[in-house]
Amino acid sequence: MQLNSDFYQQDVISVAKMLLGAILVRQFDDGTQLRLTISEVEAYKGEDDLGCHASKGRTPRTEIMYCQGGKVYVYLIYGMYWLLNVVTGHKDHPEAVLIRGSKEIYGPGKIGKALHLDKSFYGENLCTSKRIWIEKAINKPEKIYELPRVGIDYAGPHWSKVLWRFTTEEEKIRKK
DNA sequence: TCACGGATTCGT
DNA sequence: CGAATCCGTGAT
């Protein structure tokens, strides 16, 4: 069952946790499908969150996060990797969930590569898209581990330590 | 118009 | 530990 608009409009922390175990589906032009079971995510919430790109306010890049939940936010990092984010919450409340890993493929950069993401996915509607969407979890995770987000030391002592990384894979837990 | 640096990954 | 590689963002 494909997740609907109401699902994505919930708070980013709730959506992040509920996305664990959900199936990220990529339908390619040649008819093949890549189905990934989401195993690790991170929440980015509001302009106050110094780890969130929206802490810089509205810019052409962050604009999509101010939309109603259910859209895709992708951006190029280190000139090489397209990272996949799911916009959540209500209009004018910038929030997004970063998809960091799946049972099949682990690593935000690797996910983007496997899904052949590019700038054309910016703003894609996950509720109506024919090439990317997310399906409800069949099996809910037994346990959710809460950890600090990765790679945002620049966000300062508080925001870099908030436990907004959620994972189902105990063996994938790592420092920094 | 310019310089900086990043929600990463891989190889040395 | 450093290179790869590019563009959004803020300063000039």
Side-chain angles (χ1 to χ4, degrees), chain A residues 8 10-22 24 26 34 36-67 69-89 92-124 126 132 134 141 144-176:
Chain A
Y8 294 110
Q10 299 173 83
D11 179 81
V12 67
I13 305 296
S14 302
V15 174
K17 292 179 180 175
M18 289 187 286
L19 282 177
L20 292 173
L24 172 61
R26 173 75 164 93
L34 180 59
L36 302 177
T37 305
I38 298 172
S39 66
E40 184 167 309
V41 298
E42 280 178 0
Y44 290 86
K45 183 182 171 67
E47 296 183 343
D48 294 337
D49 175 4
L50 297 182
C52 181
H53 290 163
S55 62
K56 304 283 186 185
R58 274 184 197 260
T59 66
R61 181 213 214 181
T62 63
E63 185 62 32
I64 197 65
M65 281 200 277
Y66 289 79
C67 294
K71 299 289 183 55
V72 167
Y73 166 41
V74 288
Y75 69 94
L76 185 65
I77 188 69
Y78 299 115
M80 289 183 208
Y81 305 102
W82 287 94
L83 302 201
L84 174 63
N85 295 256
V86 175
V87 175
T88 69
D92 296 327
H93 291 257
E95 303 179 349
V97 176
L98 168 67
I99 307 299
R100 287 194 59 86
S102 66
K103 288 193 183 341
E104 299 80 3
I105 299 169
Y106 180 79
K110 292 179 180 177
I111 296 278
K113 184 179 179 185
L115 267 51
H116 296 187
L117 299 183
D118 58 44
K119 63 184 175 188
S120 75
F121 282 82
Y122 184 90
E124 189 89 352
L126 288 167
I132 188 169
I134 302 175
I144 295 177
Y145 299 89
E146 305 189 347
L147 302 157
R149 294 175 293 180
V150 176
I152 56 165
D153 290 343
Y154 61 81
H158 175 69
W159 293 106
S160 64
K161 289 173 185 164
V162 170
L163 305 181
W164 284 353
R165 173 158 63 110
F166 307 104
T167 181
T168 61
E169 308 283 297
E170 189 168 13
E171 72 271 19
K172 294 289 169 52
I173 294 176
R174 49 175 183 152
K175 276 273 173 75
K176 214 118 179 241

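Listed pair A/His53 / B/dA7 meets the phosphate criterion, a side-chain N or O lying under 4.0 Å from OP1 or OP2. For B/dT8, the OP1/OP2 oxygens have a side-chain nitrogen or oxygen of A/Arg100 closer than 4.0 Å.
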Sort me out a list of protein N/O and nucleotides 10-12 of chain C N/O pairs below 3.5 Å, or just none if empty.
none

Between the protein and nucleotides 1-6 of chain C, which nitrogen or oxygen pairs are less than 3.5 angstrom apart?
{"residue": "C/dT5", "atom": "O2", "partner": "A/Tyr78", "partner atom": "O", "Å": "2.2"}

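By the 4.0 Å N-to-carboxylate-O rule, A/Glu42 lies too far from A/Arg149 to be salt-bridged with it.
Rounded to whole angstrom, the span from the CE atom of A/Met65 across to the P atom of C/dG8 amounts to 14 Å. Separating the OH atom of A/Tyr44 from the P atom of B/dG6 is a distance of 13 Å, rounded to the nearest angstrom. One interatomic measurement links the two molecules: OH of A/Tyr75 to P of C/dT9, which rounds to 12 Å at whole-angstrom precision. Atom pair A/Tyr154:OH and B/dC4:C1' shows a separation of 14 Å (rounding to whole Å applied). Residue A/Asp118 contributes atom CG, which lies 12 Å from atom P of C/dC7 at whole-angstrom precision. Look at CG on A/Leu117: it is 14 Å from C1' on B/dT8, rounded to the nearest Å. If you take CG of A/Leu98 and C1' of B/dT8, they are 11 Å apart, rounded to a whole angstrom.
With both ends at atom P, the span from B/dC2 to C/dT5 equals 23 Å, rounded to whole Å. Here, C/dA3 and B/dC4 have their P atoms 16 Å apart, quoted to the whole Å.
Closest heavy-atom contact between A/Ser55 and A/Asp49: CB-O, 3.3 Å.
At the heavy-atom level, A/Leu83 lies under 4.0 Å from the strands shown only through sugar-phosphate atoms. Within the 4.0 angstrom heavy-atom criterion, only backbone atoms of the sugar-phosphate kind lie near A/Gly107; the bases stay farther away.
Using a 4.5 Å heavy-atom cutoff, the side chains of A/Leu84 and A/Trp82 are not in contact. Considering only heavy atoms from C-beta on, A/Ile152 comes within 4.5 Å of A/Tyr44 through its side chain. In this structure the side chain of A/Gln10 reaches within 4.5 angstrom of the side chain of A/Met18, judged on heavy atoms.
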Could you summarise the pairing of DNA chain C as dot-bracket text, marking Watson-Crick and G-U pairs under 3.5 Å with ( ) or [ ] inside the strand and | across strands? ||||.||||||.
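Taking the nucleotide of DNA chain B with the nearest heavy atom to each of A/Lys110 and A/Ile152, the more 5' of the two is matched to A/Ile152.
Aromatic ring orientation, A/Tyr75 versus A/His53: perpendicular (interplanar angle above 60°, classes split at 30° and 60°).
With A/Val12 as the partner, the side chain to side chain contact (heavy atoms under 4.5 Å, CB included) test is satisfied by one option alone out of A/His93, A/Lys17, A/Glu95, A/Met65: A/Glu95.
Of the candidate nucleotides C/dT9, B/dA7, B/dT9, C/dT9 has the atom lying nearest to any side-chain atom of A/Arg61.
Side-chain N or O atoms of A/Ser160 include none that pairs as donor or acceptor with a backbone N or O of A/Gly51 at under 3.5 Å. Side chain of A/Thr167 to backbone of A/Ser39: a donor-acceptor contact under 3.5 angstrom is found.
A distance of 7.5 Å separates CD1 of A/Ile99 from CG of A/Asn85, quoted to the nearest 0.5 Å.
Side-chain atoms of A/Tyr66 and A/Glu47 include a donor-acceptor pair closer than 3.5 Å.
Environment of CG in A/Asp92: crowded, with over 12 heavy atoms of neighbouring residues, nucleotides or ligands closer than 6.0 Å.
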